[in-house]
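Just so it is clear, the structure is predicted and the values come from calculations on it, not from any experiment.
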Amino acid sequence: MGKKFRTHVQGESLQKKIDADYEKYFTIWGMFIAFFVLTLYVWLFYFKVWEITMAMAITFSIVTSIIFIYGIRKSIKLLRHIRNCYKGMEGERLVGEMLNKLSNDSIRVFHDICGDCFNVDHLIISTKGIFTIETKHYDRKKGYKFLFQNGKLMFNGHQCATLLNQMDGEANFIHEKLNALCGRDYPIQKVAIIIGAYIENPQNEFSNYWILNENSFPKFFANTKECLTIDEVRSIANQITEWIKVSVD
């Protein structure tokens with residue numbers, strides 16, 4: 001019986017980061033508990049029978065204190081990162097579910113395509129073209145705002161080149177990979193789907209970038225002209241599937 005394979009689901013890379021953070025978190029506190037217990041024994045030995053010097057007892061106390069302080073500082077960073085990852089994973093899953101509803105014979109949707117030190121949250125191969133999609137999830141109550149102004153993308157009043165650079169990198173990664181897999185240059189539409197932020201988005205200013213919320217994307221996508229045949233979509237999708245599939249055995 002042959003091996004079984006699958007492609008990644010939305011948020012899978014973020015879940016791995018969360019698992020790795022939890023492993024670091026428990027390792028830190030496991031180390032602290034071990035040294036704390038050892039320090040107690042050392043002090044007990046000092047005051048009881050065993051030959052333990054004051055210097056040794058103080059040394060263990062200092063090391064345990066250092067581990068405790070390090071553990072507190074590191075744990076704050078880890079828990080903050082874990083919280084952000086959960087927020088990002090929730091956004092990726094919401095967008096992924098929305099994209100999956102669009103999927104049919106002419107629209108193939110892929111999730112969580114891993115590159116070197118980054119991942120493409122979602123990829124659409126369709127008769128309307130090829131779309132790389134970055135997902136951002138913000139707290140709606142905090143009133144975050146994206147704005148295109150004077151040829152620049154602004155975020156809460158400050159220039160936000162990071163998002164555009166991220167979109168460029170992901171699109172270039174997929175473009176180069178498709179060139180290698182299919183032997184053809186396919187144009188890539190760069191998309192960021194933003195959850196929880198207000199967007200002022202004059203598309204005539206930044207037509208190479210779609211910065212949209214989750215409700216706007218299906219409308220923009222539906223209004224896009226077809227540029228690939230269904231046979232091309234199937235061929236490209238098959239190449240992508242072979243590239244990103246992972247074993248489930």
Side-chain angles (χ1 to χ4, degrees), residues 10-18 20-21 24-25 72-99 111-124 129-176 187-221 223-224:
Q10 54 267 35
E12 188 166 338
S13 290
L14 285 176
Q15 183 62 61
K16 290 179 180 178
K17 290 181 181 179
I18 290 170
D21 282 350
K24 293 176 185 176
Y25 178 84
I72 290 292
R73 296 179 64 181
K74 187 69 174 178
S75 294
I76 291 172
K77 292 181 180 179
L78 286 172
L79 292 174
R80 185 182 297 119
H81 186 252
I82 288 170
R83 184 175 65 250
N84 291 338
C85 284
Y86 272 122
K87 189 76 173 175
M89 186 167 62
E90 181 184 10
E92 286 188 28
R93 288 179 174 173
L94 287 172
V95 172
E97 290 172 4
M98 179 268 291
L99 296 178
H111 307 286
D112 197 44
I113 299 177
C114 298
D116 295 330
C117 303
F118 71 94
N119 72 304
V120 180
D121 291 339
H122 313 281
L123 173 67
I124 294 179
I130 298 172
F131 301 75
T132 53
I133 300 175
E134 173 63 23
T135 302
K136 298 294 183 186
H137 192 188
Y138 297 96
D139 188 342
R140 200 175 300 274
K141 296 178 182 178
K142 294 185 177 180
Y144 293 117
K145 180 179 179 180
F146 284 91
L147 167 67
F148 288 108
Q149 188 176 59
N150 300 324
K152 298 177 181 179
L153 176 64
M154 310 298 290
F155 177 66
N156 284 0
H158 301 282
Q159 185 175 355
C160 181
T162 304
L163 177 58
L164 300 183
N165 291 337
Q166 188 175 7
M167 295 166 71
D168 286 338
E170 294 171 4
N172 290 338
F173 170 66
I174 294 299
H175 179 267
E176 292 174 3
I188 308 294
Q189 177 62 57
K190 306 163 191 175
V191 182
I193 296 181
I194 310 296
I195 300 174
Y198 178 72
I199 304 164
E200 290 187 14
N201 191 24
Q203 289 303 131
N204 59 339
E205 195 170 344
F206 265 65
S207 59
N208 290 332
Y209 303 91
W210 289 5
I211 313 292
L212 306 166
N213 62 39
E214 69 276 21
N215 297 320
S216 298
F217 175 79
K219 299 174 185 176
F220 274 79
F221 182 77
N223 290 331
T224 302

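- Considering NE2 of His111 and CZ of Arg93, their distance stands at 11.5 Å, rounded to 0.5 Å.
- Distance check: Ile174 CD1 to Ile130 CD1 gives 9.0 Å after rounding to the nearest 0.5 Å.
- By the ring pair (Phe, Tyr, Trp, His ring centres under 6.0 Å) test, Phe217 pairs with Phe221, sequence neighbours left out.
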Under 3.5 Å, side-chain donor or acceptor atoms of residues 162-169 against the rest of the protein: list the pairs with distances, not counting sequence neighbours.
residue, atom, partner, partner atom, Å
Asn165, ND2, Ala161, O, 3.3
Gln166, OE1, Lys136, NZ, 3.1
Gln166, NE2, Glu134, OE1, 3.4
Gln166, NE2, Glu134, OE2, 3.1
Asp168, OD1, Lys190, NZ, 2.8
Asp168, OD1, Tyr209, OH, 2.7
Asp168, OD2, Tyr209, OH, 3.0

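- Under the side-chain hydrogen bond (donor to acceptor under 3.5 Å, both in side chains) criterion, Thr132 pairs with no residue at all, not counting sequence neighbours.
- For Tyr144, the side chain to side chain contact (heavy atoms under 4.5 Å, CB included) partners at least two apart in sequence or on another chain are Tyr138, Lys142, Phe155, Asn156, Ala197.
- For the atom pair CD1 (Ile188) and CG (Asn208), the distance works out to 12.0 Å, reported to the nearest 0.5 Å.
- Annotation: side-chain hydrogen bond (donor to acceptor under 3.5 Å, both in side chains) contacts of Lys145 (sequence neighbours excluded): Glu200.
- Phe118 pairs by the ring pair (Phe, Tyr, Trp, His ring centres under 6.0 Å) definition with Phe173, not counting sequence neighbours.
- Between the CD atom of Glu92 and the CG atom of Asp121 there is a distance of 4.0 Å, given to the nearest 0.5 Å.
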key: Residue pair Ile133, Leu99: steps toward the side-chain contact (heavy atoms from CB on, under 4.5 Å) verdict   = CA-CA 10 Å; Ile133 300 175; Leu99 296 178; 3.8 Å; yes
Candidate pair Val191 and Gln189, rule side-chain contact (heavy atoms from CB on, under 4.5 Å), full reasoning = CA-CA 6 Å; Val191 182; Gln189 177 62 57; 4.0 Å; yes
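- Applying the side-chain hydrogen bond (donor to acceptor under 3.5 Å, both in side chains) rule to Ser75 yields the partners Trp29; only residues at least two apart in sequence or on another chain are considered.
- Residue pairs meeting the salt bridge (charged side-chain N to carboxylate O under 4.0 Å, His left out) criterion with at least one partner in residues 211-220, sequence neighbours excluded, are Arg140-Glu214.
- Of the inter-residue distances, the one linking Glu170 atom CD with Asn119 atom CG reads 7.0 Å to the nearest 0.5 angstrom.
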ask   = Given Met98 and Ile193, is the side-chain contact (heavy atoms from CB on, under 4.5 Å) satisfied, shown in steps?
value = CA-CA 11 Å; Met98 179 268 291; Ile193 296 181; 3.9 Å; yes
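- Listed by chain and residue number, Arg80 satisfy the side chain to side chain contact (heavy atoms under 4.5 Å, CB included) test with Lys77 (two or more places apart in sequence, or in another chain).
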